[in-house]
Amino acid sequence: DTATTEIYTLSLHDALPISNRKRYTYLQLTAYSFLYVKPLFDSMYSLKQFLNLYEKKGTKKAYKTAINQYIQVIYGKSDKSEMDKLSIQYLTENRNKFEDLVKFIEYMKTKYSPKTIGVKIAGVREWLGVNDYEPSPSEKRILRKLTPASKSRSEEEIFTRENIRK
């Protein structure tokens with residue numbers, strides 16, 4: 001979206017190193033140029049801008065799905081065409097993001113497997129992290145305890161001739 005994102009091509013000697021990922025992002029395009037992406041509202045990454053930081057389609061899809069669900073749980077709206085706008089609204093509001101994460105985990109516990117919950121929480125936390133939110137150490141412990149642990153799919157068994165023949 002050219003209205004919300006400024007894109008510049010810089011020569012290699014003009015490019016600055018990646019020093020503050022939350023503020024500016026430099027992606028190497030070729031050996032001699034970089035793409036400079038300036039986030040909307042100075043240091044805020046909307047959903048669309050955040051997804052543009054990743055090249056792999058699978059990563060983009062997983063993060064987009066996770067953040068869309070997060071916003072849907074928080075606002076109770078499911079219009080996917082408004083998600084970018086709602087992502088900015090969420091970031092500009094003075095919300096308790098820790099409580100929102102807890103609410104999201106509790107919602108997912110009734111619907112998804114532990115591994116799926118872990119992937120979705122990772123995507124949302126990455127987006128929040130890029131937008132300057134990092135849970136405190138005690139909040140991290142609580143989030144870890146709330147997130148269900150993955151269990152092995154099968155039990156280990158000592159192979160004997162009888163077990164193998166079964």
Side-chain angles (χ1 to χ4, degrees), residues 1-8 18-29 34-153:
D1 185 6
T2 57
T4 58
T5 306
E6 297 172 52
I7 300 175
Y8 303 98
I18 300 173
S19 60
N20 187 350
R21 180 174 149 201
K22 293 178 175 96
R23 201 93 172 127
Y24 302 105
T25 303
Y26 298 95
L27 302 172
Q28 187 171 1
L29 295 176
F34 285 80
L35 174 68
Y36 164 68
V37 180
K38 183 180 180 199
L40 184 65
F41 300 120
D42 247 352
S43 66
M44 243 184 269
Y45 285 86
S46 70
L47 174 59
K48 221 181 252 186
Q49 290 171 318
F50 171 73
L51 295 174
N52 285 334
L53 298 175
Y54 298 92
E55 291 181 17
K56 293 185 179 180
K57 287 181 183 179
T59 303
K60 284 184 179 187
K61 183 178 179 182
Y63 282 2
K64 181 179 181 179
T65 302
I67 297 165
N68 280 346
Q69 278 188 313
Y70 180 72
I71 291 170
Q72 287 171 3
V73 167
I74 301 307
Y75 291 114
K77 297 179 182 179
S78 61
D79 185 1
K80 292 186 181 185
S81 65
E82 290 186 18
M83 288 301 153
D84 200 53
K85 180 179 150 190
L86 287 172
S87 71
I88 289 297
Q89 178 182 329
Y90 180 80
L91 295 170
T92 56
E93 291 176 347
N94 189 20
R95 297 190 61 93
N96 184 327
K97 292 174 178 62
F98 170 70
E99 287 179 6
D100 290 343
L101 282 168
V102 169
K103 180 180 178 181
F104 186 52
I105 291 170
E106 293 299 329
Y107 165 80
M108 289 192 302
K109 279 182 177 179
T110 63
K111 298 189 177 289
Y112 300 105
S113 71
K115 284 192 180 211
T116 302
I117 293 171
V119 169
K120 290 181 184 285
I121 289 297
V124 172
R125 285 192 55 194
E126 181 74 14
W127 173 63
L128 292 173
V130 165
N131 285 297
D132 294 327
Y133 170 72
E134 184 68 30
S136 70
S138 63
E139 290 173 339
K140 284 180 184 178
R141 277 192 301 278
I142 292 168
L143 291 172
R144 226 179 353 262
K145 285 181 182 178
L146 286 174
T147 305
S150 295
K151 296 177 184 167
S152 62
R153 292 181 179 214

Once rounded to the nearest 0.5 Å, what's the spacing between atom [atom1] of [X] and atom [atom2] of [Y]?
X      : Y      : atom1 : atom2 : result
Ile105 : Arg144 : CD1   : CZ    : 11.0 Å
Arg95  : Asp100 : CZ    : CG    : 4.0 Å
Ile117 : Lys115 : CD1   : NZ    : 13.0 Å
Ile142 : Ser136 : CD1   : OG    : 7.5 Å
Ile71  : Lys85  : CD1   : NZ    : 12.5 Å
Ile121 : Met108 : CD1   : CE    : 3.5 Å

| Can you list the residues that meet the ring-ring contact (aromatic ring centres under 6.0 Å, His included) rule with Phe104, with sequence neighbours excluded? | Tyr70

| note | Residues at least two apart in sequence or cross-chain that pass side chain to side chain donor-acceptor pair (under 3.5 Å) with Lys120, listed by chain then number, are Gln69

Does [X] reach the side chain of [Y], with side-chain heavy atoms less than 4.5 Å apart?
X      : Y      : value
Leu101 : Glu139 : no
Met83  : Lys48  : no
Ser87  : Trp127 : yes
Leu143 : Lys140 : no
Asn68  : Leu47  : yes

| message | I'd like to know if Glu106 pairs up with Lys103 as an ion pair, taking the criterion as any Lys NZ or Arg NE/NH1/NH2 lying under 4.0 Å from an Asp or Glu carboxylate oxygen. | response | no

| Can you name the closest pair of heavy atoms from Thr116 and Tyr112 and give their distance? | CG2-CD2, 3.7 Å

Only distances under 3.5 Å count here; give the side-chain donor-acceptor pairs of residues 58-65 to other protein atoms, sequence neighbours excluded, each with its distance to 0.1 Å.
{"from": "Lys60", "atom 1": "NZ", "to": "Tyr54", "atom 2": "O", "distance (Å)": "3.4"}
{"from": "Thr65", "atom 1": "OG1", "to": "Lys61", "atom 2": "O", "distance (Å)": "2.8"}

| said: Test side chain to side chain contact (heavy atoms under 4.5 Å, CB included) on Leu146 and Lys109; report intermediate values, then the result. | reply: CA-CA 9 Å; Leu146 286 174; Lys109 279 182 177 179; 4.1 Å; yes

| field | Residue among Asp132, Leu53, Ile88 satisfying side-chain contact (heavy atoms from CB on, under 4.5 Å) with Tyr45 | value | Leu53

